[in-house]
Structure formats: structure tokens, C-alpha cells
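For this chain, numbers begin at 1 and follow the sequence in order. Remember, predicted model here, so these are calculated numbers, not experimental data.
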Amino acid sequence: MVSFKSYFLQVSILGVLLFITPSNASSKIINDICAKTRFPSICLEILESTPGAAAADVKGLGKITLDLARSSASKTLGQINSLIPKTTDPKLKEIYKTCSEHYDNAIGSFNNAETDLNKGYFSMNSQASAAMTEAGDCDDETAKLAVDPSLKKGNLDLDHICSIILATSTKLHFDKYPIQ
């Protein structure tokens, strides 16, 4: 007959292993994904500071980063839209309006990417790339002008998050359809 102490010890060890293993696996997933981005250290900084990311599987990270990207783009869009009525320079006002359209399109791409996350992963990659292009186009439009620094930061932040989505969707795609 197994003693209570022996049983308690076995259950305790099993419990510890169950809590340690997923964390290590998630940490490996985050490291693998970030290694495939353009700025691995920034990727690690973003994911390590995002609630839920440390415990997520690859598909969960896809959802988390899409939510993060949509939130970042919405915040930047709000900042842009608040700048439009305050701006007296007609050229700058027009550029802010153009950037507003770019960010509206980027948010639409993230919504499409989330649908793709539940269907197939390759088109999620295309949607993230399209959103990244929208932020890049806004950045190009404002390159030679004295724009609000929050816009430049928003463009850069979105670029970094999109890079994570691209790496995540690529991993999801090739995990599902490995090269033979």
C-alpha cells in the first residue's frame, strides 16, 4: 500500500512538472519566433511584457499579437484623427488624412488576419504584410515633414508587431504543412 507521504510527493512532483514544462515550451516558442523577426530583442521585449504571451502556444501568440497590433493601430489612428483638426498647415493636414486612411486599412487587414488565423495561416501572413505596408506608406508620407512624434512612434511600433505576426504565421503555416 502506498503511503500518504509517498503519494503526496508523487503528486507534488507531477504538479511541478506540469507547471514548469509549458512555461519552458512557451519560452522556446517565443525565442524561436523572435529569432525570425527583423528585431529579435524588440520582439522579446514586446512578447515578454504582453499578458498571456508567456503561456501561449503558437496559435495563441498569433491571436495575442493580432490583438496587440489592432490595439496599436487603433491608438495611432486615434492620435492621427485628433491631429487633423488641430493642424493649420494644409499639406500636413492632407498627409494626416492620408495616414488615417492607411491606418484604417491596416485595422481592416488585422480583422481579416484574425479570420485567417481560424482558417489557414498563409493568408494571415499576407494580411499582416499589407498592414505593415500601410504603416510604412504613412511613414514614407511623413518622412520629410515635422510631424507629431507619436505618429512616428506608432508607425515603428506597428512595424515591429507586424514582424512578429509574420514570423508567427509562417511558423503556423509550416508546422501545419511541413516541407517534405
Side-chain angles (χ1 to χ4, degrees), residues 26-83 95-145 147-177:
S26 294
S27 179
K28 182 179 177 347
I29 291 168
I30 288 173
N31 286 329
D32 288 349
I33 287 172
C34 288
K36 304 265 189 300
T37 64
R38 292 185 308 171
F39 304 98
S41 62
I42 293 172
C43 173
L44 287 169
E45 182 181 317
I46 290 169
L47 292 180
E48 288 172 352
S49 66
T50 301
D57 61 3
V58 180
K59 188 171 182 180
L61 279 176
K63 171 79 170 103
I64 288 167
T65 53
L66 283 170
D67 290 344
L68 193 61
R70 190 174 17 251
S71 174
S72 176
S74 295
K75 179 181 173 188
T76 303
L77 177 60
Q79 291 169 330
I80 294 167
N81 287 338
S82 74
L83 291 169
I95 287 174
Y96 283 150
K97 287 179 182 177
T98 301
C99 283
S100 178
E101 291 173 20
H102 286 305
Y103 270 85
D104 194 45
N105 292 340
I107 292 167
S109 292
F110 295 131
N111 292 336
N112 292 337
E114 187 162 358
T115 301
D116 295 340
L117 176 63
N118 297 317
K119 292 180 184 175
Y121 308 118
F122 195 69
S123 56
M124 179 181 159
N125 192 292
S126 298
Q127 295 295 337
S129 181
M132 186 182 241
T133 298
E134 294 289 354
D137 288 349
C138 177
D139 200 50
D140 291 346
E141 297 261 351
T142 62
K144 295 180 181 172
L145 298 171
V147 297
D148 190 281
S150 65
L151 179 54
K152 291 286 190 187
K153 182 178 180 336
N155 290 337
L156 188 60
D157 289 349
L158 194 58
D159 183 72
H160 292 315
I161 298 167
C162 286
S163 180
I164 299 168
I165 295 170
L166 291 172
T168 303
S169 62
T170 299
K171 180 161 179 46
L172 284 165
H173 178 76
F174 286 109
D175 284 355
K176 186 172 181 177
Y177 305 105

How long is the gap from [atom1] on [X] to [atom2] on [Y], to the nearest 0.5 Å?
X      : Y      : atom1 : atom2 : answer
Leu158 : His102 : CG    : NE2   : 12.5 Å
Cys138 : Asn105 : SG    : CG    : 11.5 Å
Asn125 : Lys171 : CG    : NZ    : 14.5 Å
Ile64  : Ile164 : CD1   : CD1   : 11.0 Å

Can you pull out every ring-ring contact (aromatic ring centres under 6.0 Å, His included) where at least one residue sits in [range]? Sequence neighbours excluded, please.
range            : result
residues 149-172 : Phe39-His160
residues 45-65   : none
residues 51-82   : none

Contacts of Asp32 meeting salt bridge (Lys or Arg N to Asp or Glu O under 4.0 Å) (sequence neighbours excluded), chain-then-number -> Lys28
Sequence-distant partners of Glu114, salt bridge (Lys or Arg N to Asp or Glu O under 4.0 Å), two or more places apart
Lys63, Arg70
Salt bridge (Lys or Arg N to Asp or Glu O under 4.0 Å): pairs with one or both residues in residues 124-137, sequence neighbours excluded:
none
Any salt bridge (Lys or Arg N to Asp or Glu O under 4.0 Å) pairs touching residues 152-167, not counting sequence neighbours?
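Listed once each, the pairs are Arg38-Asp159, Asp139-Lys152, Lys153-Asp157.
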Just to verify, what does [X] make a side-chain contact (heavy atoms from CB on, under 4.5 Å) with, not counting sequence neighbours?
X      : value
Leu145 : Leu92, Ile95, Val147
Leu83  : Thr87, Tyr96, Asp148
Ala131 : Ala106, Ser109, Phe110, Cys162

Heavy atoms of Ala73 and Ile107 approach each other most closely as CB-CG1, 3.7 Å
Nearest heavy atoms of Cys99 and Thr142, plus distance in Å
SG-CG2, 4.0 Å
Please tabulate, for side-chain N and O atoms in residues 43-56, each donor-acceptor pair with protein atoms closer than 3.5 Å (sequence neighbours left out).
unit_1: Ser49; atom_1: OG; unit_2: Glu45; atom_2: O; d: 2.9
unit_1: Ser49; atom_1: OG; unit_2: Ile46; atom_2: O; d: 3.1
unit_1: Thr50; atom_1: OG1; unit_2: Ile46; atom_2: O; d: 2.6

Do side-chain atoms of Thr76 reach the backbone of Ser72 as a donor and acceptor pair under 3.5 angstrom?
yes
Those residues that, when tested against Thr37, pass side-chain hydrogen bond (donor to acceptor under 3.5 Å, both in side chains) (two or more places apart):
none
Validation row: Thr98, Tyr103 side chains within 4.5 angstrom (heavy atoms):
no
